[in-house]
Amino acid sequence: MSFLHNLMGILVDKFQIVGGKALDGEVVISGAKNAALPILLGTMLTKEKIVLKNVPDLRDVKTCIELLKILGKECSYDENGSLVIEGKIHNKVAPYELVKTMRASIMALGPLTAFLGEAEVSLPGGCAIGARPVDLHVKGLVAMGANITLDEGYIRSSTNNQRLKGATFVMDKVSVTGTENLMMAATLASGTTIIENAAREPEIVDLANFLRMMGADIKGDGSTTITINGVQELKGGEHSIVADRIEAGTYLVAAAATHGRVTCKNVNSSLLETVLLKLKEANALITIEENSITLDMRGRDILPVDITTAPHPAFPTDMQAQFMVLNAIAKGTSTITETIFENRFMHVAELIRMGADLKIKGNTVMCTGVESLNAAQVMATDLRASACLVIAGLVAHGTTIVDRIYHMDRGYEHIENKIRQLGGTIERIKG
Ligand code: EPZ
């Protein structure tokens, strides 16, 4: 009963935020969620021990570890806080009740098919921001020789006890996890695989670095063409997860929106160049050190900035909701166009309830800056929308309640502690 009660509690947790204060101080950026998840699933490509450092303490990571255990891995944290994963996978089924809580589980399909020769992975289904199809993942595996059927909501994949074969294919759309799934599968295929129109996100490069550490032969990651020469087997080793550029971008936007000054540590500015350019356009002062970024917006007007999301290295869709708060209180009008997901404007209605002047026209939001936002009770609908509402709560004078913050716990490590470190007033109200 206590487990269910806890689970229900998590589902109704709220944040209570008292806003109107400038954030000030330093925050240490954690390992990237969107690098940790494919890398965790990539450990299935070897039976040898893997040690992962800088793994963020997130609900999605916990879910992924549960999935690895179901599939046959032993997972534990050592005395240094590194995650140790070992053992040989022997179960081919990634179950619905787990996959439905974390879409990234679809990336079990490639490694399971490549290592075990068979897989049964529940179709992840859509989510709040869109239909999230996985047709490109399936097409790539079929091109490598996998037989794939879809029934009862599961993707069943089999190589009929053959090795996957290297193939050349063009991704119809730029897909981050699609590129990652197929790159992982190709590492153990016989022959050469060429992925054209590949995603170029920094998390793809971090996954490639991890796989190369295991002995994979991969070139071109970070460009639109990735070439993988398959090997017989991959070995164990150690890897440190790259910093989370979206977490860093989120705190920098929060600093700008509250006219504060924040230094993000343990993150290299090369991971989020486009976001930094747009923050400079918004009139923020940005200082770059070797492994830290400082944003200073004290006493400075926020200027409006037009944003269009697109695959890396363009402006990331995962920063769209956060930047909308900045444009909502900028001195002037701006537009934000979302080109990746068909339904990623659910934070707009909540921001309007806080006094923002926003109008949706198709996949573009017209923003007219207002003096400030008003505190209100609002509801989070997805991971980055919840980040947007927390920033809005830090901006608005008075007390804002953000409901359904379990979305937040999926992707932001210890967020209330980090915001308190920056002088923000935020409490988690247990459900
Ligand atoms: C990854 O999702 C990220 N998740 C998302 O981050 C991120 O928003 C997204 O990439 C875009 O950058 C992880 O890395 C775990 P896509 P992914 O496949 O891979 C279409 C967050 O907030 N598409 O790049 O699922 C799709 O509909 C999350 O951290 C197909 O049509 O996204 C979308 O329009 C949210 N068929 C576009 O491609 C496919 O088979 C890009 O999606 C796959 C995708």
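The figures that follow rest on heavy atoms only: side chains count, while hydrogens, waters and symmetry mates do not. Ligands are counted one by one from 1 in listed order, and the atoms in each one are counted from 1 as well.
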Check each heavy atom of [X] against ligand 1 and say whether those closer than 4.0 Å belong to the side chain, the backbone, both or neither.
{"X": "V138", "result": "neither"}
{"X": "T177", "result": "both"}
{"X": "E247", "result": "neither"}
{"X": "E203", "result": "neither"}

Are any of the side-chain nitrogens in [X] or [Y] under 4.0 Å away from the carboxylate oxygens of its partner?
{"X": "D244", "Y": "K33", "result": "no"}
{"X": "E118", "Y": "K92", "result": "yes"}
{"X": "K139", "Y": "D172", "result": "yes"}
{"X": "K278", "Y": "D306", "result": "no"}
{"X": "E74", "Y": "K69", "result": "no"}

Heavy-atom distance under 4.5 Å between the side chains of M183 and L207, does that happen here? yes
For [X] and ligand 1, does the shortest N/O to N/O distance drop below 3.5 Å?
{"X": "S175", "value": "yes"}
{"X": "L383", "value": "no"}
{"X": "E342", "value": "no"}
{"X": "R384", "value": "yes"}
{"X": "A104", "value": "no"}
{"X": "L136", "value": "yes"}

Contacts of R353 that satisfy salt bridge (charged side-chain N to carboxylate O under 4.0 Å, His left out) - sequence neighbours left out: E350
Does the gap between the ring centers of Y154 and Y96 come in under 6.0 Å? no
Distance filter under 4.0 Å to F341 heavy atoms, resulting ligand 1 atoms: 8 (O), 9 (C), 32 (O), 33 (C)
Measure from atom 30 (C) of ligand 1 to every heavy atom in P133, A35, C127 and give the option owning the shortest one. P133
